[in-house]
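As structure tokens, the structure follows; a few thoughts come after it.
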Amino acid sequence: MSHQTVIVLDFGGQYNQLIARRVRECGVYCEVRPYTAPLAALRAMNPIGIIFTGGPNSVYLEDAPKVDPGIFTWGVPILGICYGCQLMAHLLGGRVAAAQDDSAREYGKTETQFDTGCKLFQGLPGAGITWMSHGDYMERAPQGFAATARSAACPNAAIADEARGFYGVQFHPEVNHTQGGTDMLRNFLYEVCHAAGDWTMEDYRRAAVAALREKIGGGKVLLALSGGVDSSVAAALLAEAVGEQLTCVFVDHGLMRKDEGDEVEAAFSRRAMNFIRVNAQDRFLIRLAGVDEPERKRKIIGEEFIRVFEEEARRIGAVDYLAQGTIYPDVIESGAGDAAVIKSHHNVGGLPDCVDFKEIVEPLRLLFKDEVRDLGRELGLPEYLVARQPFPGPGLAIRVIGDVTKEKLDMLREADAIFREEAARAGEDRRLSQYFAALTNMRSVGVMGDGRTYDYAVALRAVTTDDFMTADWARVPYELLDRVSVRIVNEVAGINRVLYDITSKPPGTVEFE
């Protein structure tokens, strides 16, 4: 697959994946590489532009992450963000210093003025809010650079040497808090790097199918299909590429949401592939009986899944390739070289030796989650699979607080289905990043009709987030919560109380366990 490429050079900042996502969203392919990558290897990628990320260090310290100054001699445009901006200034003869007092440090939303004659800011208003996060500042810009943005505490909030295509910003254009930040990145890509915008899921699908056919040839491929977005899209892409050479094993552990097992089967059983659904609900419930600690539940479910998969793999026979839905954030987090291989094996749960395969196939390893969803739509997958919100591998077992029984799972499935149905009817489903019901292990007295009840309380949870590293509890309309509550206590036997969780992350987690 050949695309124009931008290199995102990683100096350890917290927003590095987000920078890459924003570049991809602008229709330009990019890859994240560590700052330690050999210069020759980076140059061999033939980039049209390079972005230096932020990072937690100070550039003037002896052990600070640095890049070979030879990178500035290629004639390739470079954009430095926060630490990356300071590093560029430092290596090219400017001066970066620690702020002497709090007034020179900037954190959070900051009023900033822009020189709109600079290519980076053309078409933007002359002032706006940027997201700052730095304790050092550029005391003096390098020769040939001009200040192109300023704030009250930072006269060099952005610098540019437009003759060489070098730009630096002290703020973070990749985060939503920076007004017009994506437009700044787009200006760098299209006005400075002269990108063609040749990164689309239509092109990726076509190229990936051709590459898979060439790689796999007449071999057999085995995929553990969870029903999640990544494995579902991987299955659809492989089915288009190699058809009946693919076998998908869907282990239904009985811990999925209402009707999801049937929906997965309906989506894949009629495709040109070998689809196997293993109904293993009973054996999972037996293993989980009496277990109430969430981490033990996770380990039991993961181990049992592998045992079931192992049994099915034996029945299938010799397999040439093992496929999995590894996506680009997994690749970035697992590092380079051998670490990527270790991560690949870990992603399928530590497969047993009896699964005989020559190689792992990861058709989504270049894609971010939003791109995976777009590819799924391009492949014709139903929206209920493509837009499916994140769902934990252990499923509803960790949304049942305390021990897991079929009765509790059935109650939770019904309550959760009502919440999801009403949220969609109210148009809230696309606004909410994740929303679900959890069955608490609390029972309390209630009154229904003229009788006393002593039943379970269900907790509703909804959050909004960009990255799931932090999350805000969602301000769901009271009218929606009222409809959900009324329906649950009237329609789901065994539940007489509905709670709404208003804890953000941190201190809570997204899941309720």
Side-chain angles (χ1 to χ4, degrees), residues 2-9 15-16 18-33 42-43 45-54 71-89 92 94 112-132 138 141-151 154 156-200 203 371:
S2 177
H3 303 278
Q4 288 184 328
T5 300
V6 166
I7 295 173
V8 177
L9 209 57
Y15 301 125
N16 300 345
L18 186 55
I19 295 171
R21 281 184 56 201
R22 293 287 182 257
V23 173
R24 298 271 190 96
E25 288 168 3
C26 291
V28 180
Y29 180 67
C30 71
E31 292 190 19
V32 179
R33 289 288 184 269
L42 298 178
R43 190 161 193 171
M45 295 173 66
N46 193 30
I48 63 169
I50 299 170
I51 299 177
F52 293 174
T53 74
I71 201 169
F72 298 108
T73 66
W74 295 0
V76 175
I78 298 175
L79 170 63
I81 295 175
C82 199
Y83 178 87
C85 172
Q86 295 171 359
L87 180 64
M88 180 188 298
L92 293 178
T112 307
Q113 286 74 45
F114 309 111
D115 175 2
T116 57
C118 171
K119 287 182 180 179
L120 204 62
F121 305 121
Q122 68 180 34
L124 275 70
I129 298 297
T130 64
W131 184 259
M132 297 280 191
M138 283 182 291
Q143 186 174 359
F145 281 77
T148 56
R150 69 182 187 281
S151 65
C154 189
N156 294 317
I159 57 174
D161 180 343
E162 299 210 279
R164 290 189 286 177
F166 296 160
Y167 298 81
V169 293
Q170 277 285 185
F171 51 86
H172 290 272
E174 70 275 19
V175 303
N176 289 332
H177 299 304
T178 294
Q179 296 173 349
T182 298
D183 292 328
M184 298 172 196
L185 291 172
R186 186 178 289 109
N187 281 342
F188 175 70
L189 297 169
Y190 286 92
E191 301 302 325
V192 179
C193 301
H194 306 294
D198 61 0
W199 177 248
T200 68
D203 287 338
E371 294 173 318

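Basis for what follows: all heavy atoms, side chains included, without hydrogens, waters or symmetry-related copies. Here the structure is a predicted model, which means the values were calculated and not measured. Start at 1 with the first residue, then count along the sequence.
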Exercise. Which value, rounded to the nearest 0.5 Å, describes the distance between Y190 atom OH and C26 atom SG?
Worked result: 6.5 Å
For this session: Enter the distance from C30:SG to I50:CD1 here, rounded to the nearest 0.5 Å.
Result: 12.5 Å
Exercise. Hey, what do you get for CG (L185) to CG (L79), rounding to the nearest 0.5 Å?
Worked result: 6.5 Å
Problem set entry | Sub-4.5 Å side-chain heavy-atom contact between Q4 and Y29 | no
Exercise. What pair of heavy atoms forms the shortest contact from A141 to I159, and how long is it?
Worked result: CB-CG2, 4.1 Å
Seminar exercise, completed: Correct closest heavy-atom pair for I48 and P77 would be O-CD, 3.4 Å
Exercise. Under 3.5 Å, is there a donor-acceptor pair between the side chain of T178 and the main chain of W131?
Worked result: yes
For this session: Compare every heavy atom of E162 with every heavy atom of G117, then report the nearest pair and how far apart it is.
Result: O-OE1, 4.2 Å
Exercise. Which atom names give the shortest non-hydrogen contact between G80 and M88, and what distance separates them?
Worked result: N-CE, 3.8 Å
Problem set entry | From I51 atom CD1 to L189 atom CG, the distance as rounded to the nearest 0.5 Å | 6.0 Å
For this session: Determine, step by step, whether W199 and V28 satisfy the side-chain contact (heavy atoms from CB on, under 4.5 Å) criterion, reporting the C-alpha distance in whole Å, the side-chain angles of both residues, the deciding distance to 0.1 Å, and the verdict.
Result: CA-CA 5 Å; W199 177 248; V28 180; 5.6 Å; no
Exercise. V32 versus T53: any side-chain heavy-atom pair under 4.5 Å?
Worked result: no
Exercise. Side-chain contact, heavy-atom cut-off 4.5 Å: V23 with F188?
Worked result: no
For this session: Would you indicate whether the side-chain heavy atoms of F114 and V169 approach each other to under 4.5 Å?
Result: no
Exercise. side-chain contact (heavy atoms from CB on, under 4.5 Å) between I81 and H172: does it pass, once the steps are laid out?
Worked result: CA-CA 6 Å; I81 295 175; H172 290 272; 3.8 Å; yes
Exercise. Under 3.5 Å, is there a donor-acceptor pair between the side chain of E31 and the main chain of T5?
Worked result: no
Exercise. Taking Y167 for the side chain and K119 for the main chain, is one N or O donor matched with an acceptor at less than 3.5 Å?
Worked result: no
Exercise. CG/L42 to CD1/I71 distance, rounded to the nearest 0.5 angstrom?
Worked result: 6.0 Å
For this session: Can you label the angle between the F171 ring and the F121 ring as parallel, tilted or perpendicular, going by 30° and 60°?
Result: tilted
Exercise. With a 4.5 Å heavy-atom cut-off, do F166 and L92 have their side chains touching?
Worked result: yes
For this session: State, with a plain yes or no, whether a side-chain heavy atom of H177 is found less than 4.5 Å away from one of I129.
Result: no
Exercise. If only atom types and distance count, is the side chain of R22 paired as donor or acceptor with the main-chain N or O of E174 below 3.5 Å?
Worked result: yes
Seminar exercise, completed: Closest non-hydrogen contact found for C193 with G49 is SG-CA, 3.8 Å
For this session: Please report the shortest heavy-atom distance between Q179 and G128, naming the atom on each side.
Result: OE1-CA, 3.5 Å
For this session: Report the distance from atom CZ of F72 to atom CZ of R164, rounding to the nearest 0.5 Å.
Result: 8.5 Å
For this session: Return yes if some donor-acceptor pair links the side-chain N/O of N187 with the main-chain N/O of L120 below 3.5 Å, else return no.
Result: yes
